[in-house]
Each structure stands twice: as structure tokens, then as C-alpha cells.
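Heads up, the thing below is written out as C-alpha cells.
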Amino acid sequence: MDLSRRKLITAGIAGASGLAAAARIADRYGLIPPDGAGIWGPGETLTYAAQRVLTGDSMAREFPRELISKPPHANGRPPKDDVFVKHQTAGFADWRLAVDGLVARPMEFSVAEIKSFPSRSQITHLACEEGWSFIAEWTGVPLSHILERVGIAATARYVVYRSIQERWWDSVDMADALHPQTIITWGMNGGDLPVGHGGPLRVRVPRQLGYKSVKFVTRLTVVDSVKAFGKGMGSFAAERGYAWYNGI
Ligand SMILES: Nc1nc2c(c(=O)[nH]1)N[C@H]1C(S)=C(S)[C@@H](COP(=O)(O)O)O[C@H]1N2
Ligand SMILES: [Mo]
């Protein structure tokens, strides 16, 4: 959907009927974000519910190859702690992505196994909430493929993902978890995913702001509630005042 139109409709809902309408939509579609109970709650519920209703299964924009940012933006410094450096020195041979929670078959995958799964490459925009952004080609296995392998329960509502950087964790609802553009990324611009950008494995959620794309991911947990994690708001970012849901 065209962004200006989406903005207009969202603004229309907000302006015309306000929070009462948001509450009705949220109620009807079961769209209460995990951070919806806090002081930002009604506003977050409005954004989340309005976007979910208006954009449905729409795709994040994909760009032609000429628009890949050059030189590639280098934001992050890789973790400097011993555990990470040891993994890096070993070429991430012992890195594992564990998948647990409401699944029929909890599993652990090596990077090589993840790379052997059907992959998808997409040229998308990564936008930081602080204003900068860049376009890169990201290659990885759709999260939906991994979830299919482990067999998710019918009660699954969120996928929580965690990083070797313990304070970085986040979650998405099943609409985003099963969305074809949500991938466990292992490649960037034709090569391996650089450690500065989250290698060896990173979640990419191109329909949301950059901070949902957690780097150095080590564990996926399928849950029916995010209450047990941190302060129960669904993400590290939400605990610091950012929205759990930040669709773009
Ligand atoms: N593990 C981890 N994931 C992370 C971050 C981080 O510091 N550590 N930063 C987040 C933020 S705020 C943004 S905008 C993007 C930046 O992605 P980049 O390093 O590829 O530019 O990664 C997100 N994921
Ligand atoms: Mo960011």
C-alpha cells in the first residue's frame, strides 16, 4: 500500500473517532500489542490495530539492485566479549540457533544447516528509529520454513527471538513470523552476513523499523504470551519506551 494513503487512513481513524475506534478494532481482531497496557498503550494499540487491518499481508518494498547503498552502511560493532570472539575465530562452526517453546520438535540448527535450507534474497531498506537508513540485499531462510520444520502449536501467538547480546531480544506476532519477507538472514550483498551487521545469523523483519531486526540471534521461542520475558512487554525496546510494533 502506498505510504501516503496509509498515513491518511491511519490519521483519519485517529482523528475522526480516536481511541474508542482503536479499542473497537483491537477488540474485534484481537489486536492488543504486548506493551498495550502501559502509558503508551492506547496509542500503541491504535497504530498496531490500524496497520494490521489496513495493510494485512502486504509486502515491504523491494528495490532494484542499483539502489543497494554503496558503500554498505556499517553501523554496528560486533560484540567484543570472549565468547563471541571465540565463535568468530572458529568461523561460527559451533554457533547454534535453538528453537523451542510451543513446538512439536525443539531443535538446534548450525549455520551450515540454516544455509542449506531454501533461501530467499530481498533488497530492502533498513531504517533506524534515529533517522538513518540503508538498502541492502539480505539472504536467508524464511522464518516460516524453520517454524514448519519444528511444527508450531495451534496456540502459538508470538515468536520471541534472542541474541548472544542478552539485552537484545524482541518478538513478533504470527502474522510477521509467517510473513514471507521475515527471514533468518545469513548473507548480505552476495557474501556472508558481516559481523557488523549481525553475522552469522540475524532476524530481518523488513516491515518494521531496524531495531526489530535483532543481530547475532541464538534462540527462537514460540509462545502464546510474552509475559514471562523481561517486563512482559514483548521486547527490550518496548521496555525502553520504543513501540513493540513499529510497522513502516
Ligand atoms: N544484537 C543486536 N541487534 C541489533 C542492534 C544491536 O545493537 N544489537 N541494534 C538494532 C538497531 S537500533 C538497528 S537500527 C539495527 C542496525 O542494523 P545494522 O547494524 O545492520 O545497521 O540493528 C538492530 N539490531
Ligand atoms: Mo536503530
Side-chain angles (χ1 to χ4, degrees), residues 35 40 44 47 60-63 67-88 92 95-99 109 111 114 120-141 143 158-172 176-177 179 181-221 226 229-230 233-248:
D35 58 347
W40 304 109
E44 295 310 343
T47 312
R61 186 165 167 208
E62 296 193 19
F63 296 84
L67 291 183
I68 291 176
S69 305
K70 291 183 191 84
H73 177 84
N75 175 45
R77 278 167 236 109
K80 289 203 180 73
D81 62 277
D82 294 349
V83 176
F84 186 83
V85 170
K86 215 175 146 203
H87 275 299
Q88 194 178 355
F92 298 110
W95 191 276
R96 294 291 179 273
L97 178 66
V99 190
F109 302 105
V111 178
I114 295 280
R120 174 190 173 97
S121 289
Q122 55 201 26
I123 300 172
T124 56
H125 194 232
L126 188 148
C128 174
E129 75 295 347
E130 288 175 19
W132 53 265
S133 69
F134 67 103
I135 292 172
E137 181 182 45
W138 309 91
T139 300
V141 54
L143 175 54
Y158 305 97
V159 177
V160 175
Y161 39 96
R162 284 177 272 186
S163 168
I164 199 164
Q165 291 184 313
E166 274 165 35
R167 49 184 221 130
W168 279 92
W169 65 277
D170 214 307
S171 61
V172 287
D176 265 328
H179 188 276
Q181 289 173 314
T182 300
I183 60 176
I184 303 296
T185 305
W186 49 260
M188 182 178 169
N189 295 340
D192 280 345
L193 181 65
V195 286
H197 290 285
L201 299 176
R202 167 187 208 167
V203 176
R204 271 292 284 138
V205 186
R207 296 201 306 175
Q208 297 200 45
L209 284 176
Y211 63 78
K212 294 297 273 193
S213 291
V214 168
K215 309 197 260 191
F216 322 113
V217 69
T218 51
R219 185 174 293 271
L220 310 173
T221 304
V226 294
F229 297 84
M233 298 165 86
S235 75
F236 156 78
E239 293 175 3
R240 285 180 172 58
Y242 296 96
W244 169 80
Y245 182 77
N246 57 58
I248 46 179

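Numbers here simply count residues along the sequence, with the first being 1. Small disclaimer: the values here were computed from a predicted structure and weren't measured. Counting starts at 1 for both ligands and their atoms, following the listed order.
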Checklist entry - Taking only heavy atoms of V214, which atoms of ligand 1 are found under 4.0 Å from at least one of them? => result 3 (N), 24 (N)
Checklist entry - Who's closest to atom 10 (C) of ligand 1 heavy-atom-wise, of Y242, F236, W169, W168? => result W168
Item to check | Contact partition for Q165 relative to ligand 1, non-hydrogen atoms under 4.0 Å | outcome: side chain
Next on the checklist: Residue-level breakdown please: for S163 versus ligand 1, do any non-hydrogen atoms fall below 4.0 Å on the side chain, on the backbone, on both, or on neither?
Outcome noted: side chain
Checklist entry - Can the ring centres of F236 and W168 be said to be less than 6.0 Å apart? => result yes
Checklist entry - Going by heavy atoms in the side chains, are F216 and L201 under 4.5 Å from each other? => result no
Checklist entry - For ligand 1, does F216 get within less than 4.0 Å through its side chain, its backbone, both, or neither, judged by non-hydrogen atoms? => result side chain
Item to check | Donor-acceptor contact present, side-chain T139 to main-chain S121, <3.5 Å | outcome: no
Item to check | Proximity to ligand 1 by part of S213, non-hydrogen separation under 4.0 Å | outcome: backbone
Checklist entry - Should K212 be listed as contacting ligand 1, given a heavy-atom distance under 4.0 Å as the test? => result no
Checklist outcome for this item: ligand 1 to H197, heavy atom cutoff 4.0 Å, flagged ligand atoms 18 (P), 19 (O), 20 (O), 21 (O)
Next on the checklist: Out of all atoms in ligand 1, which are within 4.0 Å of some heavy atom of F134? Include the element for each.
Outcome noted: 20 (O), 21 (O)
Next on the checklist: Could you check whether any side-chain heavy atom of T185 comes within less than 4.5 Å of a side-chain heavy atom of V203, counting everything from C-beta outward?
Outcome noted: no
Next on the checklist: Classify the ring geometry of Y158 against W244: parallel below 30°, tilted from 30° to 60°, perpendicular beyond 60°.
Outcome noted: perpendicular
Checklist entry - Is the side chain of S235 donor-acceptor paired with the backbone N or O of A238 at a distance under 3.5 Å, no angle test? => result yes
Item to check | Atom indices of ligand 1 within 4.0 angstrom of E129 heavy atoms, with elements | outcome: 12 (S)
Checklist entry - In terms of ring plane angle, is the pair F134 and W132 parallel, tilted or perpendicular, where the classes change at 30° and 60°? => result parallel
Next on the checklist: Below 4.0 Å from ligand 1: does a non-hydrogen atom of G196 turn up there or not?
Outcome noted: yes
Next on the checklist: Closer than 4.0 Å to some heavy atom of C128 - which atoms of ligand 1 meet that?
Outcome noted: 14 (S)
Checklist entry - Has R202 got any heavy atom lying under 4.0 angstrom from an atom of ligand 1? => result yes
Next on the checklist: Could you work out, with salt bridge (Lys or Arg N to Asp or Glu O under 4.0 Å) as the rule, every residue matching R120, not counting sequence neighbours?
Outcome noted: E62
Checklist entry - Applying a 4.0 Å heavy-atom criterion (strictly less than), which segment of W132 is in contact with ligand 1: side chain, backbone, both, or neither? => result side chain
Checklist entry - Parallel, tilted or perpendicular: which describes the rings of W95 and H87, with under 30° parallel and over 60° perpendicular? => result perpendicular
